[in-house]
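A, B, ... follow the sequence lines: proteins, then strands. Residue 1 opens every chain.
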Amino acid sequence: MSQLSSGICRRLNEAPQEEIDQLASGHTVQLLSIKKVAPTSSSTTATDRFRIIISDGVHFVQAMLATQLNDLVANGDINKNTVVVIDKLACNFVQDKRLIIILDLHVVSRDEEKIGAPTAPPSTQDAPAPAVVEAASSSVASPAISSSTGQTKQPQPQPRTGPSGRGGRSVYPIEGLSPYQNNWTIKARVTQKSEIRTWSNQRGEGKLFNVTLMDESGEIRGTGFNAVVDELYEKFEEGKVYYISKARVNLAKKKFSNLQNDYELSLEKNTEVEECLETTSVPMMKYNFVELSSLEKLEKDNTCDVIGVVKEVGPLGEITSKATNRTIPKRDLTIVDMSQYSVRLTLWGKQAEQFAADDLSVVAFKGVKVGDFGGRTLSMVSSSIMSISPDIEEAHLLRGWYDGIGTEKNFQSHTSGSSGASFGGFNRNEMRHLSDVKESQLGMSDKAEFFSTRATIMHIKSESISYPACPTQGCNKKVVDLGSGWKCEKCDKTFERPEHRYIMSMAVADWSGQAWLQGFNEAGLAVFGKTADEVHEIKERNEAEYNALMAQASGVTFNFSCRAKQDTYNDQTRVRYGISRITSLDYREEAKHLVDLLKSPWAQ
DNA sequence: CCCCCCCC
C-alpha cells in the first residue's frame, strides 16, 4: 500500500495564496474520482476538462487536470484509485473560491484500493473552498462538491490575499484565467503573432491583430483592435515572453481556434505588456495533435494541429481568388502519419514559394484549417504555424516509425467521402465492378454517391460530343449563334467564336457488365487527346477522319471516378453516372496495387 | 468589433 502525503489536502485548502507555490510539488495522493466536466463544444476531445478528487488518506480536495494531461485519462494511465505524485500544481483564486490545477504528475501505482476514509477538510473562515469549474459558460461556480461522504460545502467569503510572485505581481496560470477575476498577471510566450488585418463590413471598419500566448499551464488567444494595434503590435515579438495584465477575458469562439481555452483575451487601451527576460519556465510551443485518420470527425473550418511526414511536395502553383481576383502562390504537400492516413495540406503565399524542407521531413502544423474538398484537406491560414523537424517527442516518434516501418506502408487518403468530387489520386477503396454498382443501387437514394471503376470504352455516342461554350474563364455556359457572333446570356457578352467543350455519353464495360457514363471536358480531353475545338473542326472538315477518331477511342481502358445520382427526364427516373475524374492506366501503379493486395491481411 | 485566408 502506498504512503500518501497526509495533510497536503488540508494545506491546499487552507494555505494563503502566497504560500501555495511552496506546496507545489512532490506530494503523493490518491485519485478518488476523475470526471469529465460539461464540455463546451460538441465532440472534440480538445476541450475536455477533467475534475479530479485527490485524497491524502485523511482529507480530499478537488482539482482540475491541466488539459495537456488529458491523454493520461484517455490512455487509461490514471484512473479511479490511482496513486500519483503531483510534480507541479498551480492554485488560482477566483472570487471566493480556489482552483487547484494539476500541471504535472507521475503514476506511483494503479491497482490500489481506496486508502483510508478521507473526508472533506474542515472549512475555515480564512480559506476559500476549492472551486468547481463546470464549464466556460457557468457564471457561478457550483458550491457543492460531490464526495463519498455526501458532504457539501458552502462557498466561503474570499479574503483578499495580497498579490504574490515576482515584484508584487500575482502571476496566474493561463489555464486559470476567467472573466470572474481581475488583478491578474500572466507570464506568457508569444507563440504566434498575426499580420495587422483590416476589415470593413456593415458594422463598421477597423484593424486588428492576434497573438497566441502560452505558459506551462495552457494557452490563450489575444486580440487587439484599432488604437491598441498602434500601441501594442510592435511591442509583441514572436518567441518572446511578457508579463501581461489588465486585459479583458471573454468567451472564445471555438470555431475559429483550436487553442485549449474557453476564453480569449481582448487587449485594451490600458492593458499592460512588459517583456520578461526570465523565460526558462515558459515552454516554446504547445500542440494538440490529431491523427490524420480522425480528420473526418472534425467539422469543416475547424482548426487543428497535425504532425506528419511530408511524403510529397507539390510544384509551386498559383490560383486566382474569385473574390478578389488576385493571384496567390500555392503549394500542396501530402503528409502522412502513424494512423496510416495521408492528407493534402496547402501552403499559401511566401510559405508556398519558400518551402524548402528536405524530402520526407517531419513537419508539425499548428492551427491549420480543415477543408472538405473531396473528403478532407488542410490549409494553412494566417494564424497557422509550420515547424519543420521540430525537436519534440511526437516528431522523434514519427521519425522512428516512418524510417522503420512507415516507408513500406500504404496510406489511406481522405479523398473518398460523399461531399464532393474525387481529388488527386485514384481512390481504390471506392473501386467497384460495374455489376456491383448496379446491384448495390448506388445513386438510387436522394443523394449523390461516389464510386471508382476501371472500365473499357466500348462506344461513344458520336452524333454530338461537344457544345459551343462561353470562352470566359469559368463560365462554360452554352452560347447562342447570332450569325454575327456568339452570345453568352450569363455574361451578357458576344464573342467572335465560341470555345467548344466536350459533353459526351459513352458506353463502358468491364468483365461484369456495362454502363453509360456522362463525360465533360476533362473526360473528352483524356479520351481524344485533343481539345473539343480541334475535334469539332475535324468533324466539320472531314467526316471520315472524325469517325476514325471515334473508332480509335474505343477499346481503351481508363480508371474512372464517378458520381451516381438519380434524375428524372420525361417522367422517367433513372440513375446517371457522371465522370468526375478519368485517368489513363499507369501499369506500374496498377501492378503496385496488385502487390499491395497480395500483401494485405485478407489475402494471406 | 475579427473569424477573410483564396483554386480544384
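When only modelled atom types and interatomic distance are considered, A:S440 and A:R432 share a side-chain donor-acceptor pair under 3.5 Å. Looking only at atom types and distance, the side chain of A:T531 has no donor-acceptor partner in the side chain of A:D533 under 3.5 Å away. A side-chain N or O of A:T67 and one of A:Q260 form a donor-acceptor pair less than 3.5 Å apart.
Salt bridge present: A:D492 and A:K487 bring a charged side-chain N and a carboxylate O closer than 4.0 Å.
The residue among A:N250 and A:T324 whose nearest nucleotide of DNA chain B is located toward the 5' end is A:N250.
With B:dC3, B:dC7, B:dC2 as the choices, the nucleotide that has an atom nearest any side-chain atom of A:W348 turns out to be B:dC7. Side-chain proximity of A:K253 to B:dC5, B:dC8, B:dC1: nearest is B:dC1. The nucleotide whose nearest atom lies closest to any side-chain atom of A:F225 is, among B:dC3, B:dC5, B:dC2, B:dC2. When distances are taken from the side chain of A:V381 to each of B:dC5, B:dC7, B:dC2, the shortest belongs to B:dC5. For A:R203, whose side chain is taken as the heavy atoms from C-beta onward, the closest listed nucleotide among B:dC3, B:dC5, B:dC2 is B:dC2.
For A:D567, the side chain to side chain contact (heavy atoms under 4.5 Å, CB included) partners are A:R574, A:R576, not counting sequence neighbours.
A:R344 contributes a side-chain N or O that forms a donor-acceptor pair with the base of B:dC8 under 3.5 Å. With hydrogens and angles ignored, no donor-acceptor pair closer than 3.5 Å exists between the side chain of A:K322 and the base of B:dC6.
For the pair A:E299 CD and B:dC3 P, the computed distance is 20 Å after rounding to whole Å. Look at CZ on A:R197: it is 13 Å from P on B:dC6, rounded to the nearest Å. As a whole-Å value, the separation of A:L265 CG from B:dC3 P is 19 Å. In this entry the distance linking CD of A:E195 with P of B:dC4 reads 18 Å, nearest Å. Spacing between atom CD1 of A:I319 and atom C1' of B:dC6 amounts to 4 Å, rounded to whole angstrom units. One atom, CG of A:N210, and another, C1' of B:dC4, lie 12 Å apart when rounded to the nearest Å. Spacing between atom CD of A:Q202 and atom P of B:dC3 amounts to 11 Å, rounded to whole angstrom units.
Residue ring and nucleobase are not stacked for A:W199 and B:dC2 under a centre distance beneath 5.5 angstrom and an angle between planes beneath 30°.
Within 4.0 Å of A:N226, counting heavy atoms only, lies at least one base atom of the nucleic acid. Within the 4.0 angstrom heavy-atom criterion, only backbone atoms of the sugar-phosphate kind lie near A:T320; the bases stay farther away. A:E264 comes within contact range of at least one nucleobase, with a heavy-atom separation under 4.0 Å. Using a 4.0 Å heavy-atom criterion, one finds that A:R331 contacts no nucleic acid atom at all. A:S379 comes within 4.0 angstrom of the backbone, heavy atoms only, and of no base.
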